[in-house]
**Student:** 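So that we are looking at the same thing, I have put the structure below in structure tokens.
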Number of protein chains: 2
Amino acid sequence: MPPSIQDVADRANVSISTVSRVLNGRNVVNEHTRKRVESAIKDLGYSPNVFARGLMLRRSHILGLVLPDLHGEFYSEIIRGANMRARELGYKLMISSVVAKDDGSELMATVADHGVVDGLAVMISEVNARTRASLEKVKIPLVVLDGDIGGVRHDSVVIDQKMGAVALLRHLVNDCGYRRIAFVGGLVTNIDTIERLSAYRAVMEEAGLEVAAGDIHHLDYQYDTAYELGVRRVREWSRRRSAVFAANDEMAAGIIDAALAAGLSVPDDLAVVGFDDTRIATMTRPRLTTVRVPMSSMGAAAVDLICQRLENPKRPASKLILQSELVVRESCGCPSANGRS
Amino acid sequence: MPPSIQDVADRANVSISTVSRVLNGRNVVNEHTRKRVESAIKDLGYSPNVFARGLMLRRSHILGLVLPDLHGEFYSEIIRGANMRARELGYKLMISSVVAKDDGSELMATVADHGVVDGLAVMISEVNARTRASLEKVKIPLVVLDGDIGGVRHDSVVIDQKMGAVALLRHLVNDCGYRRIAFVGGLVTNIDTIERLSAYRAVMEEAGLEVAAGDIHHLDYQYDTAYELGVRRVREWSRRRSAVFAANDEMAAGIIDAALAAGLSVPDDLAVVGFDDTRIATMTRPRLTTVRVPMSSMGAAAVDLICQRLENPKRPASKLILQSELVVRESCGCPSANGRS
DNA sequence: TAGTGCATTGAAAGCGCTATCAAACGACGC
DNA sequence: GCGTCGTTTGATAGCGCTTTCAATGCACTA
């Protein structure tokens, strides 16, 4: 049984009220008494019981983070970012992954109802009526990550992929001078693919460039399928002096490897650019020109927003837009590429 | 203010004791009364206050997971595994990353003293006196991940890398017939490098093969440095018909790319194998023969052990050894490689 | 009718903390 | 000497829950 506030009080010959005052530092305590209490605390190795405290204050200093069952870098980067900031602000982080098929409502209900967390950051892969309904039920500060739920009053953090995608494509068109660009994305329904594709169309139109029917491919974000597509297409692409805009780094890597396997040079025969700036981007040869998506910043920002709302519940709901950033490496064949990055 | 047990009691016209009995299901409650209470609970959307409950039961059903500030796959895989199992067992997971330089004691103290968590899984990158001392202080069920702290009574989960490494090297020697194998590891002080190197030496000796002075290289687990080493060495290696055992997949990828860049064929001119079976392993061309390290199982096992001890505190400390597993793909040049995996 | 046993329920005592209110005390001006 | 004030402290009422113990009601036996 760990020491309680009563034990400290006894040892310091004061009442528990005084100990509490010393602990919370709000009220004035005589210098001499404080010293006595503090040394009693240290002697006993006392630290206040979180449950008792939470029961009174209705604060746990724990934040919940609800994520879809992501693999890989995104998952860990969000957690890392959130965790770091939470630590800085004196909070702990409770993580819950939702299984892929679940819409998140079940788990979010659990977490929120459970009543342990002071605030909640939620990332939902699939927005639907049930999701929305369960979000409405949350009565603690809530931040939605990377997904826009219309009509609900809560803070959100999104990443503006479009800006980065536009910058990337303008770079291909204006700086590198490509006239034909193929797009390789994920499923047509995928939100990221939609964003990136729309940037692609916009820039192509803006530059007055043609988008042929066969220039847009919908795959599954995997290396292998992109490699297979590459095997079939790289010769044709290189004959047309194309660039390929893959909607993530993994597919870009697959296409590069397919090109290399076909005896082509990247970027001389074919330029390939990716998206996300994951670990992979610096592992391909040539290194990938891509767009950096600030995942860990998103985690950190979510924690920030929750804490701000915790301090000031009246603050109007805000939407924080994080910019994605063009990272130029060698795979675009751009002369200004700075070798390493 | 969420409804309390009193609200439920009022609505069902019973005392709070009865409501509590219904909630916990330990004591017998009249069928009819139970129905009334249950519908009152549902009507009010009541769920018990965790703090009040924790205060009585001294259980939060939250487990702590303390990890070094890892990037990438390991980090997220451990969390994923732990999280899944925790969910299955009705626990929540609280994550803390420790900054790289920290020895973990500070944070562990925070988490444990704080008193929120019922149990703790800790992964320490650096074992020293301070770490050991702070581990001793933990009074709740503790599981140490992937690190052996001598003399402390607690459960631990380790991954037997050596078995996998031995299997890998025997495969190179016995099945593929390589007589010269170079080793590319991390720093000499790195625990993983030590394990993998010792497996290397053991198998080489067992097979009566020579290890030349220049056959062992200590790098930093990075792609780039491995690539550079590769650029300098691949020709020589291939002349000797060597295989290269890289102590992780990333370095293996670097060496493969260096070999390809030098116009060599992998595995025909040079075989390269890796370790860890990360995402990278299936992204290289040829795909990597490597050793799978069950990170997510480690997370799950940690949660299991904590919960077992929670149920039965008297259980003797146990050490769970997870086996690593040889994964044969194409990069070893072994005829039995099954193309895809 | 009184006594016994069982099933069901309620009253009340904490768990360890914070917060409110009142008490104690010396200093001060009148 | 007496009220007034400011400083410091203690007593105590909960927060929402579990748990112990006692009370109630009823069937059954003697």
Side-chain angles (χ1 to χ4, degrees), chain A residues 1-41 44-62 90 112-118 139-140, chain B residues 1-41 44-62 90 112-118 139-140:
Chain A
M1 202 76 140
S4 79
I5 197 174
Q6 185 64 59
D7 298 327
V8 177
D10 290 350
R11 189 170 234 273
N13 272 314
V14 293
S15 74
I16 59 168
S17 323
T18 304
V19 179
S20 175
R21 273 185 279 257
V22 171
L23 285 171
N24 300 300
R26 300 205 191 299
N27 295 285
V28 203
V29 178
N30 179 284
E31 187 65 20
H32 182 64
T33 335
R34 202 219 325 286
K35 287 261 188 291
R36 264 209 336 275
V37 172
E38 274 164 356
S39 76
I41 288 175
L44 293 170
Y46 167 81
S47 78
N49 180 305
V50 208
F51 297 115
R53 194 171 240 179
L55 192 52
M56 282 301 299
L57 303 181
R58 293 165 181 290
R59 279 287 183 89
S60 63
H61 283 258
I62 299 175
D113 275 303
H114 219 251
V116 218
V117 297
D118 292 346
K139 292 193 193 59
I140 53 180
Chain B
M1 201 75 138
S4 79
I5 197 174
Q6 185 65 60
D7 298 326
V8 178
D10 290 350
R11 188 170 235 270
N13 273 313
V14 293
S15 73
I16 58 168
S17 324
T18 303
V19 179
S20 174
R21 274 186 279 256
V22 171
L23 286 171
N24 300 298
R26 297 203 193 301
N27 295 285
V28 203
V29 178
N30 179 284
E31 187 64 21
H32 182 64
T33 342
R34 202 222 322 287
K35 287 259 188 292
R36 267 213 329 278
V37 172
E38 274 164 357
S39 75
I41 289 174
L44 294 170
Y46 167 80
S47 80
N49 180 305
V50 207
F51 297 115
R53 194 170 238 181
L55 192 53
M56 283 301 299
L57 303 180
R58 290 161 184 294
R59 279 288 183 89
S60 62
H61 283 257
I62 299 175
D113 275 303
H114 219 251
V116 219
V117 296
D118 292 345
K139 291 190 194 62
I140 54 180

**Student:** Expressed as a whole number of angstroms, how long is the span from B:R26:CZ to C:dT8:P?
**Tutor:** 18 Å
**Student:** Taking 4.0 Å as the cut-off, does a side-chain nitrogen or oxygen of B:S4 come that near to OP1 or OP2 on D:dG16?
**Tutor:** no
**Student:** Could you go through the side-chain contact (heavy atoms from CB on, under 4.5 Å) check for B:N30 and B:R36 one step at a time?
**Tutor:** CA-CA 10 Å; B:N30 179 284; B:R36 267 213 329 278; over 6 Å; no
**Student:** Nearest whole angstrom, please: distance from the C1' of D:dT19 to the CG of B:L57.
**Tutor:** 10 Å
**Student:** What nucleotide among C:dA19, C:dT8, C:dG10 has an atom nearest to a side-chain atom of B:T33?
**Tutor:** C:dT8
**Student:** State plainly whether the residues B:R34 and B:E31 are in salt-bridge range, i.e. N to O under 4.0 Å.
**Tutor:** yes
**Student:** Could you tell me whether the side chain of B:N49 and the main chain of B:F51 form a donor-acceptor pair under 3.5 Å?
**Tutor:** yes
**Student:** Establish whether the base of C:dG16 is bridged to the side chain of B:R58 by a donor-acceptor pair shorter than 3.5 Å.
**Tutor:** no
**Student:** Starting from P on C:dC15, measure out to CD1 on A:I16 and report it in whole angstrom.
**Tutor:** 11 Å
**Student:** Does OP1 or OP2 of C:dT9 have a side-chain N or O of B:T18 closer than 4.0 Å?
**Tutor:** no
**Student:** Rounded to whole angstrom units, what separation is found between the CG atom of A:N49 and the C1' atom of C:dG14?
**Tutor:** 14 Å
**Student:** Among the nucleotides D:dG16, D:dG10, D:dT8, which one has an atom lying closest to any side-chain atom of A:N30?
**Tutor:** D:dT8
**Student:** Measuring from the side chain of B:R53 (C-beta onward, heavy atoms only), which nucleotide among C:dG16, D:dT18, D:dG10 has the closest atom?
**Tutor:** D:dT18
**Student:** Grab the CG-P distance between A:L55 and C:dA19 for me, whole Å please.
**Tutor:** 12 Å
**Student:** Got a donor-acceptor contact below 3.5 angstrom from the A:D7 side chain to the A:S4 backbone?
**Tutor:** yes
**Student:** Rounded to the nearest 0.5 Å, what separation is found between the OG1 atom of B:T18 and the CG atom of B:L23?
**Tutor:** 11.0 Å
**Student:** Rounded to whole angstrom units, what separation is found between the CE atom of A:M56 and the P atom of D:dC17?
**Tutor:** 15 Å
**Student:** By nearest heavy atom, map B:N27 and B:Y46 onto DNA chain D; which one lands nearer the 5' end?
**Tutor:** B:Y46
**Student:** Of the options D:dC17, C:dT8, D:dT18, whose atoms approach the side-chain atoms of B:N24 most closely?
**Tutor:** D:dT18
**Student:** Rounded to whole angstroms, how far apart are CG on B:N13 and P on C:dT8?
**Tutor:** 19 Å
**Student:** Ignoring the backbone of B:S17, work out which of D:dG16, C:dC17, D:dT19 is nearest its side chain.
**Tutor:** D:dT19
